[in-house]
Amino acid sequence: TSMAEGDQNVQVDARLLEEIRSEIPERITIAAARYMRELLRQEELLGFLWRSSAFILQHDTAFELMWRREAEKSEAVRILTAMDAGIPPSMKYIQYHASFVAELMLCKAVENFLAYLRELLASIFSTRPETLRSREAERLDFILQFRTVADLVAALSERRSDEIAGKGFPALSEHYEHIGLPIAATEDVKSIGHIVEMRNVFVHARGVVSPFLKRTRGTKTEPERLTVTWDEANAFRRRLNRAVYALDSSAAVKFTLVT
């Protein structure tokens, strides 16, 4: 790891954060506001990690120069050298863990995206109760526990959105189609589905691709273990962001949601 690489990562992260801030629409729904808050929280953490690693790198470089220049090593230098001797580079520089951090951030990005889809759906249900229509019956004791129709609609909205979200991204996508609000264009939905699937493999199987998944994907060339680079994770996250921006604008107009 070089000083230039550390500085470059900090600069790239700063540009990504500025890009995210500049792309946020002026008017967004409450669900999107929560999505953005979580997104910026993740980006600020990444900025902290990269900057901390860059600071350590700069410190070590300066210390090495000081060590070489001193003909007679001072007591302070000897103490610092002893303290640093047992610390491996992998415990000091984030670059050694870039792939693992990329996995973590990809998973968090997908979870944030899925939470947004659930919350937006609940907002649509509560704003336009007619979208709750289904063939399912409700128990009378459940209905009678609410004093007002508004309270009943709010509870049904939350429960219904939880039920749909619990079935996974395909069910969410299908229901958005059902209410006339596709999450994205067909090809984009397939691409997003692949990103969600990657997250599921990382979370539920430590990134190991099972024989069943290979068969369902219809390919024999699927790697035994999924990996994601830092650039790939950032590209996936930006794709999810763009899907949220577009979907949120359409939903706000179509269902007259509060922004």
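Bear in mind the structure is a predicted one, so any value in this text is a computation, not a measurement. For reference, positions follow the sequence shown, starting with 1.
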Item to check | Any donor-acceptor pair under 3.5 Å from S250 side chain to A246 backbone | outcome: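 Such a contact is found between S250 side chain and A246 backbone.
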Checklist entry - Does any N or O in the side chain of S123 come within less than 3.5 Å of the main-chain N or O of E119, such that one atom is a donor and the other an acceptor? => result yes
Next on the checklist: Check this for me, if you would: do R41 and E44 make a salt bridge, where the nitrogen-to-carboxylate-oxygen distance has to be below 4.0 angstrom?
Outcome noted: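 Not counted as a salt bridge, because no side-chain N and carboxylate O are separated by less than 4.0 Å.
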Just verifying a value: how many Å separate [X] [atom1] and [Y] [atom2], rounded to the nearest 0.5 Å?
| X | Y | atom1 | atom2 | value |
| --- | --- | --- | --- | --- |
| L114 | R199 | CG | CZ | 6.5 Å |
| F100 | F202 | CZ | CZ | 10.5 Å |
| L117 | S161 | CG | OG | 11.0 Å |
| L46 | N234 | CG | CG | 8.0 Å |
| I124 | I179 | CD1 | CD1 | 4.0 Å |

Residue pair [X] / [Y]: nearest heavy atoms and the distance that separates them:
| X | Y | value |
| --- | --- | --- |
| L120 | A31 | N-CB, 3.7 Å |
| F255 | L181 | CE1-CD2, 4.0 Å |
| L39 | N112 | N-ND2, 3.7 Å |
| I183 | S173 | CD1-CA, 3.6 Å |
| A102 | T229 | CB-O, 3.8 Å |
| E103 | L226 | OE2-O, 4.3 Å |

Checklist entry - What do you reckon, is CG of L45 surrounded by more than 12 foreign heavy atoms closer than 6.0 Å? => result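 Yes, CG of L45 has more than 12 neighbouring heavy atoms, counting only those of other groups under 6.0 Å.
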Checklist entry - Should we say atom CD of Q145 is surrounded by more than 12 heavy atoms from elsewhere, each under 6.0 Å from it? => result yes
Checklist entry - Taking side chain as C-beta onward, heavy atoms only, is V189 less than 4.5 Å from P182? => result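 Heavy-atom side-chain distance check fails, nothing below 4.5 Å.
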Item to check | Non-hydrogen side-chain atoms of F113 and R239 separated by less than 4.5 Å | outcome: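 Result no, sub-4.5 Å side-chain heavy-atom pair not found.
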Checklist entry - Going through the checks in order, is the salt bridge (Lys or Arg N to Asp or Glu O under 4.0 Å) test met by R160 and E163? => result CA-CA 5 Å; R160 182 67 175 138; E163 289 174 351; 3.7 Å; yes
Next on the checklist: Show every salt bridge (Lys or Arg N to Asp or Glu O under 4.0 Å) that has at least one partner inside residues 149-158, sequence neighbours left out.
Outcome noted: R118-E158
Checklist entry - Would N241 and Y35 satisfy side-chain hydrogen bond (donor to acceptor under 3.5 Å, both in side chains), going step by step from the backbone distance to the final call? => result CA-CA 9 Å; N241 292 344; Y35 174 88; 2.6 Å; yes
Next on the checklist: Do Y245 and Y116 sit in one hydrophobic cluster, given that two such residues count as connected whenever their side-chain heavy atoms are within less than 4.5 Å of each other, even indirectly?
Outcome noted: yes
Checklist entry - Looking at F125 versus H175, is the centre-to-centre ring distance below 6.0 Å? => result yes
